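Just below is one structure, and these are the notes that go with it.
The sequence lines fix the lettering, A, B, ..., with proteins before strands; numbering per chain opens at 1. No experiment lies behind these values; they were computed from the predicted model shown.
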Number of protein chains: 2
Amino acid sequence: MPGSSPFHAIADPTRRRILDALLAGPLRAGELAQRFPRISRPAVSKHLRVLRSSHLVFTEQRGREVWYRIDPAPLAEVEKWVQQYRAFWEEKLQALKKAAEES
Amino acid sequence: MPGSSPFHAIADPTRRRILDALLAGPLRAGELAQRFPRISRPAVSKHLRVLRSSHLVFTEQRGREVWYRIDPAPLAEVEKWVQQYRAFWEEKLQALKKAAEES
DNA sequence: TATATTAGTAACCAATAGGTTACATATCGG
DNA sequence: CCGATATGTAACCTATTGGTTACTAATATA
């Protein structure tokens with residue numbers, strides 16, 4: 001539990017939507033949960049725990065409220081990995097272009 | 001099963017290593033499995049099925065051999081999503097830089 | 001101080017994931 | 001044709017995931 005992979009953290013679509021919501025700015029736990037009417041608050045709370053454990057979000061306690069905000073730093077690892085494949089797919093696009101020009 | 005998310009497909013470290021291996025060029029199923037001595041061939045076969053179902057790899061049958069190669073196209077979705085957060089973390093780096101200069 | 005409000009946790013459950021061994025299927029080579 | 005090789009699948013097991021409801025702890029407020 002202490003420090004799971006960002007690849008695992010972003011695998012779940014609900015967790016990605018949570019991060020997307022936080023992109024606009026910090027939110028309280030409850031407010032965040034309200035944005036997912038189809039699942040319960042504890043379910044969201046668990047997703048937040050996963051995001052915390054992978055350091056994709058961090059919290060600031062203000063009285064009884066807990067504010068969540070993004071820390072996108074761990075996504076750099078994901079980006080780096082995906083970028084390895086960029087050259088590959090750009091090659092393919094090049095090949096397609098060439099083929100189109102030759103037809 | 002027909003068409004699972006690339007986010008899910010790359011969540012597993014073994015599947016990422018399979019893709020990494022294929023980056024150097026196409027490989028046969030068995031040859032691929034040999035690179036993972038700690039897990040059985042059927043386990044690798046199952047990972048390959050997941051990768052196939054998310055269209056990250058495709059196969060070419062040649063006699064009794066099955067050659068696997070990468071199709072990185074679905075990773076574009078991942079890249080696109082991660083890039084949204086780029087601006088965010090670059091801002092943070094900027095802020096750090098600024099703070100360093102002012103100290 | 002009593003009561004709402006906010007957030008997390010405990011205990012539980014069904015479904016999925018990732019692994020295993022045993023088996024089926026198809027092709028190659030002698 | 002027959003044995004060896006290459007690959008995938010079936011059946012099964014355990015751990016993890018994502019969800020639920022019920023409860024606890026802490027802080028704000030009337």
Side-chain angles (χ1 to χ4, degrees), chain A residues 1-22 25-71 74, chain B residues 1-22 25-70 74 78:
Chain A
M1 313 85 154
S4 70
S5 148
F7 290 95
H8 169 247
I10 68 172
D12 183 89
T14 301
R15 283 198 291 270
R16 287 199 301 280
R17 288 180 59 203
I18 289 175
L19 291 176
D20 289 343
L22 289 175
L27 288 172
R28 289 181 299 108
E31 201 168 341
L32 211 30
Q34 283 184 338
R35 308 208 173 186
F36 302 89
R38 320 185 73 165
I39 63 179
S40 68
R41 197 181 53 70
V44 173
S45 187
K46 279 174 138 193
H47 283 306
L48 287 172
R49 177 160 51 175
V50 173
L51 291 172
R52 254 184 283 130
S53 88
S54 59
H55 308 108
L56 278 164
V57 303
F58 59 98
T59 57
E60 188 186 344
Q61 189 109 20
R62 294 184 59 173
R64 68 183 159 182
E65 297 179 349
V66 178
W67 289 79
Y68 280 82
R69 62 181 76 218
I70 276 193
D71 181 2
Chain B
M1 309 87 156
S4 70
S5 148
F7 290 95
H8 169 248
I10 68 172
D12 183 271
T14 301
R15 283 197 292 269
R16 286 200 301 280
R17 289 180 59 204
I18 289 176
L19 291 176
D20 289 343
L22 289 175
L27 287 171
R28 289 182 298 107
E31 202 169 340
L32 212 30
Q34 283 185 338
R35 309 209 172 184
F36 302 90
R38 320 186 73 165
I39 63 178
S40 68
R41 198 183 52 72
V44 173
S45 186
K46 277 174 139 193
H47 283 307
L48 287 172
R49 180 160 49 175
V50 173
L51 290 172
R52 254 183 284 129
S53 88
S54 59
H55 308 107
L56 279 164
V57 303
F58 59 99
T59 57
E60 186 186 343
Q61 189 109 21
R62 294 184 59 173
R64 66 183 160 185
E65 297 179 348
V66 178
W67 289 79
Y68 280 81
R69 62 182 75 218
I70 276 194
V78 177

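- When the side-chain nitrogen and oxygen atoms of A:Ser45 are compared with OP1 and OP2 of C:dA7, none of them lie within a distance under 4.0 Å.
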Table please: side-chain donor-acceptor pairs of residues 7-17 of chain A below 3.5 Å, with sequence neighbours left out.
unit_1  : atom_1 : unit_2  : atom_2 : d
A:Asp12 : OD2    : A:Thr14 : N      : 2.8
A:Asp12 : OD2    : A:Arg15 : N      : 3.1
A:Arg15 : NE     : A:Ala9  : O      : 2.7
A:Arg15 : NH1    : A:His47 : ND1    : 3.2
A:Arg15 : NH2    : A:His8  : O      : 3.3
A:Arg16 : NH1    : A:Ile10 : O      : 2.7
A:Arg16 : NH1    : A:Ala11 : O      : 3.2

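- In this structure, B:Leu19 and B:Val57 have side chains that are in contact, with non-hydrogen atoms separated by less than 4.5 Å.
- Sorted by first then second residue, the side-chain hydrogen bond (donor to acceptor under 3.5 Å, both in side chains) pairs that include residues 37-46 of chain A, not counting sequence neighbours, number zero.
- Evaluation of the side-chain contact (heavy atoms from CB on, under 4.5 Å) rule for A:Val66 yields A:Thr59, A:Gln61, A:Tyr68 as partners, not counting sequence neighbours.
- Shown here are the side chain to side chain donor-acceptor pair (under 3.5 Å) partners of B:Glu31, two or more places apart in sequence or in another chain: there are none.
- Here the shortest heavy-atom pairing between B:Ser54 and B:Ser5 reads CB-O, 4.3 Å.
- Note: B:Leu22 CG to B:Arg35 CZ = 8.5 Å, rounded to the nearest 0.5 Å.
- Counting non-hydrogen atoms under 4.0 angstrom, A:Ala29 reaches the backbone sugars and phosphates but no base.
- Closest-nucleotide positions on DNA chain C for A:Trp67 and B:Arg38 were compared, and the one nearer the 5' end corresponds to A:Trp67.
- Applying the 4.0 Å criterion to OP1 and OP2 of C:dG8, one finds that A:Tyr68 has a side-chain N or O inside that range.
- Every residue two or more places apart in sequence or in another chain was checked for a side-chain contact (heavy atoms from CB on, under 4.5 Å) with B:Gln34, and none qualifies.
- Taking the 5' to 3' direction, DNA chain D first and last meets chain B under 4.0 angstrom from a heavy atom at D:dA4 to D:dT9.
- For the contact set between residues 6-21 of chain B and DNA chain C, defined by any heavy atom under 4.0 Å, the members are B:His8, B:Asp12, B:Arg15.
- Phosphate contact (OP1/OP2 of C:dA17, side-chain N/O of B:His47, threshold under 4.0 Å): absent.
- Residues passing the side-chain contact (heavy atoms from CB on, under 4.5 Å) test with A:Pro74, sequence neighbours excluded: A:Pro6, A:His55, A:Leu56, A:Asp71.
- Legend: residues meeting side-chain contact (heavy atoms from CB on, under 4.5 Å) with B:Arg69, ordered by chain and number and at least two apart, are B:Pro26, B:Phe58, B:Glu60.
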Shorter than 3.5 Å, N or O on both sides, protein versus nucleotides 12-14 of chain C: list them out with atom names.
none

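- Of the inter-residue distances, the one linking B:Ile18 atom CD1 with B:Leu32 atom CG reads 5.5 Å to the nearest 0.5 angstrom.
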Under 3.5 Å, N/O pairs linking protein and nucleotides 22-30 of chain C:
unit_1 : atom_1 : unit_2  : atom_2 : d
C:dT27 : O2     : B:Arg64 : NH1    : 3.2

